[in-house]
Each structure stands twice: as structure tokens, then as C-alpha cells.
Amino acid sequence: MDEPPVLLRQDEVEGLLHYKDLIPRLEVALGKFSKMDSAEVIQPVRTTVPLQKYNGFLGLMPAYLVHEDILCTKLVCFYKRESGSTLPSTQATVLLFDPEYGNVKAVMDGEVITAKRTAAVSAISAKLLMPAKSEVLTILGAGHQALSHYNVFTETFSFKEVRVWSRRKEMAERFAQSTQGHVTVWESVEEAVNGADVIVTVTGASEPVLFGQWVKPGAHVAAVGACRPDWRELDDVLMRQAEVYVDSREGAIAESGDIILSGAKVFAELGEVLNGTRPALREKTTVFKSLGMGIQDAVSAKLVFEQWKSKH
């Protein structure tokens, strides 16, 4: 209890957090969350503090998983940057507590945790919902989340073709050059998603960039950007024709502009599918609207801390 908290930098967290260990733990956590047992999972909806001067928000994401005895919170600043800005769109720090004493056990850079747990949950959605024979993956966006999604999707699945699009072509080209496999850069969203089985949207858009008329029937879309009630990545047509899955109904109804502004109905939480209480409609067009949850950060932070302790 008297020991100072462990400080883990970005590169240290990167070396300790691996998808093969993270995905099974996230599946368990999502399932427990969707059982709606407040004695097991305590997670209030994210609190946000507007930073209007800088066109951003501070988000506070606490969570307590009772059975695993994990108490954690993430502090994350996220911004709507101007095109061409070199400033980061997010900055995050994760605090892992000792639930019994209340002291901070570890302070971790939150960028890797956010990127990897978000991508891992998107991969879980794809495992449950993408077409049985999925060969083409399209990623819209070319930032940190694009790379984490590329890594987990190519590690977990076997796509024959991977495409990328970004508003700034030079960013898409840089992204393609940074990956281990072959990635093709496309000039337009419409061309990039034509015939794609799985589409990942990880853009900074506040207005729709992906339109339902371009999406192949039966495709799966993992929509990761647009984390505010007035921001969107997907148009009304896509949101209304697809079966919509979320990580948290409560969070989606409060925070997702894609859902709020389109009037789309949420069909199920991923945890409900994992629990077997709601079906995975793999034969239909599906959208997983990702907003991220405190329990995802908590499970990831606990895994990082366990890995750190095993090495020290």
C-alpha cells in the first residue's frame, strides 16, 4: 500500500499488451456487462467536460469489476482538429487502483490501451457478425486507430485484400507503407468500400463519410469515430437499413450521433450476443457502433499490470 505507483510509458504498455490475451478477457467483460448485474459491474456513463476554447472534451471513464476486483479510471481528452493539424486528436492516461485501500497502483499511458482495446472489440464484433467468407477489408482513416485495427484484423482473420482511404492521401500512403502486409490506397470512399465485406471507420469526421448506397448487402461495418452526440460517420440510409449492435445501449443512446441523429434502433449489445441472449445476424448488413467503455480500459490495465509484475 505504501509503495509508489508504477509508471508505465507508451512503449512499455505496447510491449505488455497483446491481442491474443486481451480479446478473451474483453469478451468475458462484455458478457458480464450485458447481464446488467450492478453487483458485478459498476460503470457510469462517461462524464465529459467541454473544452470549447480548444474544440475538445475531457472524458472521465471509471469502472469497477467486482469479481475480478479491478478498479480503474481513464482520463481522456479528445479534440475535433482542423484538417492538416499536427496536434493529436486524443490524449489519455489510465489509473489502476487498489480497490481495498484506494491507492493508485499504476499510472499508464492510455494511448496504446485505448487503441488496442478499441480495435480488439471491433475484431470481436467482426468475429460475431461479418460474412462467413470475408475477403476484403476496407479501413477509412489512417491514424493510430487505423493501425491498431489493421494489426488486430490481419492477425485475427485472413483477408485477401486490404484497402485504405484517408481525406489526406499522403496519410493513407504513409499508413500503407507502415504496415507489414500489402495495402492499397484508394482515391474515394465509394471506390474503397465497393464490394468490401468488412468496413472499419476510424475517421475524425463530424458529418457522414460512408453512405448506405455504397455498402454491399450483408457487409459488416465497425464504426469507431464520431464519439459525440452531434458527430457522425454513417448516413441515415446505412444506419436504418443495418442491424445495429453496440457495446453499451446506455452509452450509445447518450453519445452516438450516428444513432441519435438517424433515429436508428439498437438491436443488441455485443455482450448479449456473447451471452447467447440475442442473435448474430451475420447474413444481414450489420453496424457495430463502438463508443468504448471503462470496463474495457480496466481489463486492459489489469492485464498490463499483471504482465509487468510477471517480468519484475
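Only this structure's heavy atoms are used, side chains among them; waters, hydrogens and symmetry mates stay out.
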Looking at residues at least two apart in the chain, or sitting in another chain, which of them share a salt bridge (Lys or Arg N to Asp or Glu O under 4.0 Å) with Asp69?
none
Of all heavy-atom pairs between Leu291 and Gly251, which one has the smallest distance, and what is that distance?
CD1-O, 3.5 Å
Are Leu95 and Ile113 linked, directly or through intermediate hydrophobic residues, by side-chain heavy-atom contacts shorter than 4.5 Å (ILVMFWY only)?
no
Mind checking whether Leu210 and Glu233 have side chains closer than 4.5 Å, heavy atoms only?
no
Closer than 3.5 angstrom, by distance alone: can the side chain of Asp197 be matched with the main-chain N or O of Ala219 as a donor-acceptor pair?
no
Taking atom CD of Glu170 as the centre, does the number of heavy atoms from other residues, nucleotides or ligands within less than 6.0 Å exceed 12?
yes
May I ask you to test the Thr114-Val76 pair for a side-chain heavy-atom distance under 4.5 Å?
no
Between Asp258 (side chain) and Arg232 (backbone), is there a donor-acceptor pair under 3.5 Å?
no
Any donor and acceptor pair, going by atom type alone, linking the side chain of Thr93 with main-chain N or O of Asp109 inside 3.5 Å?
no
More than 12 heavy atoms from other groups under 6.0 Å of NE2 on His18
yes
Please check: side-chain N/O of Thr277 versus main-chain N/O of Glu272, any donor-acceptor pairing under 3.5 Å?
yes
Quick one: does Val221's side chain get under 4.5 Å of Val200's, heavy atoms only?
no
Parallel, tilted or perpendicular, judged at 30° and 60°: which one describes the rings of Trp308 and Phe305?
parallel
Linked, directly or transitively: Met239 and Ile260 (ILVMFWY side chains, under 4.5 Å)
no
From the list Arg249, Lys289, Arg46, salt bridge (charged side-chain N to carboxylate O under 4.0 Å, His left out) partner of Glu255 resolves to Arg46
Step by step, would you call Ser290 with Thr118 a side chain to side chain contact (heavy atoms under 4.5 Å, CB included)?
CA-CA 8 Å; Ser290 168; Thr118 304; 4.0 Å; yes
Answer yes or no: is there a donor N or O on one side and an acceptor on the other, between the side chain of Gln43 and the main chain of Ile295, under 3.5 Å?
yes
Correct closest heavy-atom pair for Gly141 and Thr203 would be N-CG2, 4.2 Å
Using modelled atom types and a 3.5 Å cut-off, is there a donor and acceptor pairing between side-chain atoms of Asn194 and backbone atoms of Glu190?
no
Is the side chain of Thr285 donor-acceptor paired with the backbone N or O of Ala242 at a distance under 3.5 Å, no angle test?
no
On a heavy-atom basis, the closest approach of Gly102 and Phe97 is O-CD2, 3.6 Å
Can Lys116 be said to sit on top of Tyr19's aromatic six-ring, NZ or CZ under 6.0 Å from centre and within 45° of the ring axis?
yes
Are Ile139 and Val183 in one and the same hydrophobic cluster, where Ile, Leu, Val, Met, Phe, Trp and Tyr link if side-chain heavy atoms are under 4.5 Å apart?
yes
Distance-only polar pair, side chains of Ser188 and Trp186, donor-acceptor under 3.5 Å
no
Residues, nucleotides or ligands: over 12 heavy atoms within 6.0 Å of Lys127 NZ:
no
Pairwise distance CG(Leu8) to CD(Gln10) - rounded to 0.5 angstrom
12.0 Å
Close side-chain approach of Arg117 and Ser300, heavy atoms under 4.5 Å
yes
Is the closest side-chain heavy-atom distance between Phe78 and Ser89 below 4.5 Å?
no
Rounded distance [0.5 Å steps], CH2 in Trp214 versus CG in Asp235:
8.5 Å
Working to the nearest 0.5 angstrom, can you tell me the gap between Asn103 CG and Asp98 CG?
5.0 Å
Among Asn275, Leu274, Val41, Val273, find the one that has a side-chain contact (heavy atoms from CB on, under 4.5 Å) with Leu30.
Leu274
Is the side chain of Ser256 donor-acceptor paired with the backbone N or O of Ile259 at a distance under 3.5 Å, no angle test?
yes
Atom pair CZ (Arg25) and CD (Gln296), whose distance is rounded to the nearest 0.5 Å:
15.0 Å
Drop me the distance from Glu269's CD to Ser34's OG, to the nearest 0.5 angstrom.
3.5 Å
Taking it one step at a time, do Tyr150 and Phe175 satisfy side chain to side chain contact (heavy atoms under 4.5 Å, CB included)?
CA-CA 10 Å; Tyr150 171 85; Phe175 170 86; 3.8 Å; yes
Is a side-chain donor or acceptor of Ser85 paired with a backbone partner of Arg81 at a separation under 3.5 angstrom?
no
Whether Lys309 and Glu306 form a salt bridge (side-chain N of Lys/Arg under 4.0 Å from carboxylate O of Asp/Glu) is what I want to check.
no
Answer yes or no: are there more than 12 heavy-atom neighbours, outside Glu68 itself, under 6.0 Å from its atom CD?
yes
Classify the angle between the aromatic ring planes of Phe267 and Tyr245 as parallel (below 30°), tilted (30 to 60°) or perpendicular (above 60°).
perpendicular
Side chain of Gln307, backbone of Val304: donor and acceptor closer than 3.5 Å?
no
Let's go through Gln213 and Val237 carefully: what are the C-alpha distance in whole Å and the side-chain angles of both, what is the deciding distance for side chain to side chain contact (heavy atoms under 4.5 Å, CB included) to 0.1 Å, and is it a yes or a no?
CA-CA 7 Å; Gln213 68 193 60; Val237 172; 5.6 Å; no
Working to the nearest 0.5 Å, report the span between CZ of Arg282 and OG of Ser134.
7.5 Å
Under the side chain to side chain contact (heavy atoms under 4.5 Å, CB included) criterion, do Val202 and Leu140 qualify, and how do the steps go?
CA-CA 6 Å; Val202 281; Leu140 304 180; over 6 Å; no
Of all heavy-atom pairs linking Ala192 and Thr138, the shortest is O-OG1, 2.6 Å
Please name the pair of heavy atoms, one in Ala172 and one in Val164, separated by the smallest distance, quoted to 0.1 Å.
O-CG1, 3.9 Å
Could you walk me through whether Arg228 and Asp230 satisfy the salt bridge (Lys or Arg N to Asp or Glu O under 4.0 Å) test, starting with their C-alpha distance in whole Å, then the side-chain angles of each, then the deciding distance to 0.1 Å, before giving a yes or no?
CA-CA 6 Å; Arg228 298 299 302 150; Asp230 55 346; 5.2 Å; no
Is there a side-chain contact between Leu281 and Leu129, using heavy atoms and a 4.5 Å cut-off?
no
Can Leu22 be reached from Phe288 by stepping across I, L, V, M, F, W or Y side chains whose heavy atoms are under 4.5 Å apart?
yes
I'd like to know if Glu161 and Arg163 make a salt bridge, using a cut-off of under 4.0 Å between side-chain N and carboxylate O.
yes
Shortest non-hydrogen contact from Cys227 to Trp231?
N-CE3, 3.9 Å
Taking side chain as C-beta onward, heavy atoms only, is Val136 less than 4.5 Å from Val198?
no
Could you tell me how the ring of Phe153 sits relative to the ring of Phe159: parallel (under 30°), tilted (30 to 60°) or perpendicular (over 60°)?
parallel
Just so I know, are the side chains of Phe157 and Met130 near enough to count as touching, which here means a heavy-atom distance under 4.5 Å?
yes
Report whether Leu96 and Leu26 are members of the same hydrophobic cluster (ILVMFWY, side-chain heavy atoms less than 4.5 Å apart, transitive linking).
yes
